[in-house]
Amino acid sequence: MVSPVLTSSDVLDGAASSPAALRRFLHGLPGVDQVGCEARAATLSTRSIKTTSKAWALDLAVSMIDLTTLEGQDTIGKVRALCAKAKRPDPEDPSCPRVAAICVYPDMVATAKAALGSSGVHVASVATAFPSGRSTLDVKLQDTEDAVAAGADEIDMVIDRGAFLSGDFSRVFDEIVAVKQVCRRSTGQDAHLKVIMEAGELVTYDNVRRASWLSMLAGADFIKTSTGKVQPAATMPVTLIMLEAVRDFREATGRMVGVKPAGGISTSKDAIKYLVMVNETAGDDWLDPEWFRFGASRLLNDLLMQRTKMTTGRYSGPDYFTLD
Amino acid sequence: MPSDTRLDVRKTYKLYIGGKFPRSESGRSYVVNDSRGRFLANAAAASRKDARDAVVAARKAFPGWSGATAYNRGQVLYRVAEVMEGRRDQFADEVVAGEGLTRARAGRSVDQAIDRLVWYAGWTDKIAQVVGATNPVAGPYFDFSIPEPTGVVAVLAPQQSSLLGLVSVVAPVVAGGNTAVVTSSRDRPLPAISFAEVLATSDVPGGVVNILTGSVGDTAPWLASHMDVNAIDLTGVAGDDEHATALEVAAVDNLKRVRRAPDAEPDWTLDPGLSRITSFLETKTVWHPIGV
């Protein structure tokens, strides 16, 4: 087990009090041992999960999916169809859990909200000039406001990677704080804020660790690996670093933050590897749709195929599930 | 170093899935003896997960192979025959060892296998003329029927004839535009592996033919019940009524095309006719308005 990065909340006091203090804090985080991190992630991929544990893991993974459609060609019809699938992923099997959320662009939030009704499936909306985040703060805030006003339960924002990479951490920090403010609702039902690091553009594991801490300090409810629009997207080592960060953050502050790997997780096998990693890194408190999500679209069908295999005893095929 | 002390370079016989040669997922292997019971080699014993992977590979290869022109498929099959011709001696050795034939008879058997590939290569762009039709209808329409491939076909290759029999059941399936998951003869798998090496080096896209060695009982039930397999050829369980019936029952769930097991393994040297191609073709009939 890797030892915690921070052990007391003292270090965190005033970490974000000034741009210089923030930079000092983030650069003071211990560097990630690249080889060790990759080896650890690879070891965690070798666990054998079978029979009842596998059935449990498959259902848990289904219930953790943020079923995503983020294409220029999205239509109202497609979003409605996806919502129907979110509510009852396998129409032939009532015991199949529903997914956690539908993830769409802001203009589709109202459609998704209406289609999902009181089913309990959340609506997540990307915002802040997703996926590049290259726009003015005003536009980003307006983007978020629109999504919140349309009823989004969760907001997936992107950080300004340009500012982050050029060392302007406080700009990134202030932006997250401002977006978080816009997520508030007078009813008290605030939209949950997920902050996307876009690990593929941060280049190094050290940067992923810094961006994770920065986001959590700024008030993120979830940290998310990637937009899914940039390769590499979610990888095991990156998610491992983020899981360590949320674990240590709770240790230091008592506040729990969720993790969402997104992009490139398409098989049940992969999903189960991630669940093993969550359990062994952050702990089983995170084995809950409230604290861990998969951003995925293809993954769901593979999970359903595996579930069908386990209940019928024969291999299923893609012909028997909807194409999204 | 004197030449007579050269170390043996022994070959590892592996499976052929998706254009690659993996070991069995299960890690199991089994001993292959020659026709007189002497040790010949260790071969991979395919498991149900290998069968599953093979089906995934075959499904992935299907759009490309079925979408290729019939002429192109014919060229590729002819190329397989060309490459086999170059390895004629190796195949003859393996047939001699496995089937206990004389050298001369084994050679003839290899020649026939190569000729059969050429024969089926010729049929790829001719079968549509023979089994397709333009149909006279009582209305202002062109009406024509054309054969289309069935999809992913599980082929249980014959247990006795390890090369000629194998080629005789695989070639017609892929000539029609299907992709295949083949279980080879259990006791005589070596020609099947060498055939896989030929396929891998002769323009056949990976996944079009996948070859599993080992006991039919380990993989066939999973292929028969697999919902993503469209047809199954039961030739490999010829004479074993109980097993064949169980596989037919398992194949019912997704209404697979089933080519039933014969009472005994056929004489592969005879003219095969077209039935092995047409067993795995579906007829599509199109009505097209005249004058539009």
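Naming: A, B, ... by sequence-line order, numbering from 1 per chain. Note: hydrogens, waters and symmetry copies are ignored here, and every other heavy atom, side chains too, is used.
A salt bridge between R73(B) and D125(B) is absent, with no side-chain N of the basic residue lying under 4.0 Å from a carboxylate O of the acidic one. Here D66(A) pairs with K194(A) in a salt bridge; the nearest charged N to carboxylate O distance falls below 4.0 Å. A salt bridge links R293(A) with E154(A): the closest approach of a Lys/Arg side-chain nitrogen to an acidic carboxylate oxygen falls below 4.0 angstrom.
More than 12 heavy-atom neighbours from other residues, nucleotides or ligands sit within 6.0 angstrom of CZ on R186(B). Shown here is R314(A), whose CZ atom has more than 12 heavy atoms of other residues, nucleotides or ligands within 6.0 Å. Within a 6.0 Å radius of CD in E92(A), no more than 12 heavy atoms belonging to other residues, nucleotides or ligands are found.
Residues of residues 237-247 of chain B never come closer than 4.5 Å to chain A when only heavy atoms are counted. At a heavy-atom separation below 4.5 angstrom, chain A is approached by R48(B), K49(B), R52(B) within residues 46-53 of chain B. Interface with chain A: from residues 220-233 of chain B, residues W222(B), S225(B), H226(B), M227(B), D228(B) qualify, criterion being any non-hydrogen pair under 4.5 Å.
Comparing V55(B), V56(B), D253(B) by how many heavy-atom pairs each has under 4.5 Å with chain A, the most go to D253(B).
In this structure, the side chain of T213(B) engages the main chain of A44(B) through a donor-acceptor pair within 3.5 Å. Checking side-chain atoms of T308(A) against main-chain N and O of S316(A) turns up no donor-acceptor pair under 3.5 Å.
Relative ring orientation between W291(A) and F222(A) is described as parallel, the plane-to-plane angle staying below 30° on a 0-90° scale split at 30° and 60°.
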As a quick check of understanding, evaluate side-chain hydrogen bond (donor to acceptor under 3.5 Å, both in side chains) for R276(B) and T235(B), giving each step before the final call.
CA-CA 11 Å; R276(B) 286 194 166 271; T235(B) 305; 2.9 Å; yes

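A cation-pi arrangement is absent between K14(B) and F21(B) under the rule of less than 6.0 angstrom and at most 45 degrees off the ring axis.
Annotation: the span from Y13(B) atom OH to S194(B) atom OG amounts to 5.5 Å, rounded to 0.5 Å.
Judged as a side chain to side chain donor-acceptor pair (under 3.5 Å), the pairs with a partner in residues 294-304 of chain A (not counting sequence neighbours) are, in order, K85(A)-N301(A), S268(A)-D302(A).
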